[in-house]
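Have a look at the structure below before the remarks.
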2 protein chains.
Amino acid sequence: MRYSQQREIIRDIVFSTNSHPTADWVYGKAKKSMPNISLGTVYRNLKQLTDQHIIKTIYDGTIARYDWNKESHDHLKCVDCGEMVDIQTSNRERLKTVVNDKHNFDITDVEITFIGKCHKHNKKEKKE
Amino acid sequence: MRYSQQREIIRDIVFSTNSHPTADWVYGKAKKSMPNISLGTVYRNLKQLTDQHIIKTIYDGTIARYDWNKESHDHLKCVDCGEMVDIQTSNRERLKTVVNDKHNFDITDVEITFIGKCHKHNKKEKKE
DNA sequence: ATTTAAATAATAACAGTTCCTATTATTAGA
DNA sequence: TCTAATAATAGGAACTGTTATTATTTAAAT
């Protein structure tokens with residue numbers, strides 16, 4: 001993979017946040033330092049970075065988000081914030097093993113997303 | 001919610017399979033008994049059925065699938081088949097409780113998807 | 001410096017989904 | 001049973017997120 005300034009910027013942007021940004025968010029940020037970068041370039045590089053296991057692609061409902069954190073971890077999603085937070089639960093590996101054995105499946109990954117309301121939104125006030 | 005023949009057909013189709021069909025697949029099936037049903041009608045009704053908790057919407061990468069099984073359960077996805085299979089792991093409720101307490105989150109749901117290769121595809125032969 | 005192929009910007013194409021509008025069908029009430 | 005009110009529909013346009021195309025630019029090997 002040949003060097004490109006665009007890819008470096010895109011990589012740095014993903015690594016600069018814990019917010020699991022969308023391609024469009026990355027695009028907006030990238031334009032600040034490189035005003036005529038194109039959205040296609042952002043998508044192409046996010047895919048390449050994923051293929052090289054430099055970042056991870058995760059799915060939030062129907063849209064793709066990108067995560068620099070390649071450690072095995074789960075996500076917590078607040079239905080009010082919409083934002084996703086990284087969390088650690090200890091059971092991932094054990095769960096994988098159990099399913100592997102029980103279902104004769106060669107499990108390579110587990111995606112666990114907890115959906116609910118964070119402490120800011122779990123009282124009665126509701127956004128929107 | 002007023003009765004409609006279309007909605008009844010759509011509901012029956014989702015309830016007739018374990019394959020977590022996409023909207024388009026449901027549309028194809030529905031056309032057999034009602035040739036000029038429209039795709040918009042399929043989407044509208046799948047959403048309504050979801051809102052009424054008659055079916056569940058699940059996401060597979062970037063596309064929506066529909067599941068009649070409202071029981072708390074996990075999914076197993078074969079990267080070769082692409083198909084999703086329902087499975088049961090015992091830890092869901094415990095996981096929810098742990099995260100609830102540890103992160104002060106009001107968890108309403110957990111989505112767990114195991115990704116790997118089923119017994120048909122976990123040897124060396126590879127599709128496509 | 002020249003050459004070669006990878007990467008780019010710009011934009012068209014695409015897939016999945018939602019929205020719009022004139023028409024049709026369900027259902028409550030006369 | 002007929003009628004009126006309005007929810008649901010078909011058909012298609014519009015929208016959103018993503019991928020593909022192409023002429024041009026750029027990294028980097030020679």
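Protein chains get the first letters and strands the later ones, always in sequence-line order, with residue 1 at the start of each.
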Hey, does [X] reach any base, or is it just sugar-phosphate, or nothing, if we go heavy atoms under 4.0 Å?
| X | result |
| --- | --- |
| A:Leu39 | base |
| A:Gln6 | sugar-phosphate |
| A:Asp24 | nothing |

Should the pair B:Asp60-B:Arg65 be classified as a salt bridge under the 4.0 Å nitrogen-to-oxygen rule?
yes

Carboxylate-amine/guanidinium contact A:Asp67 A:Lys56, below 4.0 Å:
no

Between C:dT8 and A:Asn36, is there an OP1 or OP2 to side-chain N/O distance shorter than 4.0 Å?
no

Distance under 6.0 Å and angle within 45° of the ring axis: does B:Arg7 meet both against B:Tyr3?
no

Taking for B:Gln5 and for B:Gly40 the nucleotide of DNA chain D with the nearest heavy atom, the one nearer the 5' end belongs to B:Gln5

Nearest-Å distance, [atom1] ([X]) to [atom2] ([N])?
| X | N | atom1 | atom2 | answer |
| --- | --- | --- | --- | --- |
| A:Ile37 | C:dT11 | CD1 | P | 16 Å |
| A:Tyr3 | D:dA29 | OH | P | 15 Å |
| B:Tyr27 | D:dT9 | OH | C1' | 13 Å |

Should we say atom CD of B:Gln88 is surrounded by more than 12 heavy atoms from elsewhere, each under 6.0 Å from it?
yes

Base of D:dT19, side chain of A:Arg44 - is there a donor-acceptor contact under 3.5 Å?
no

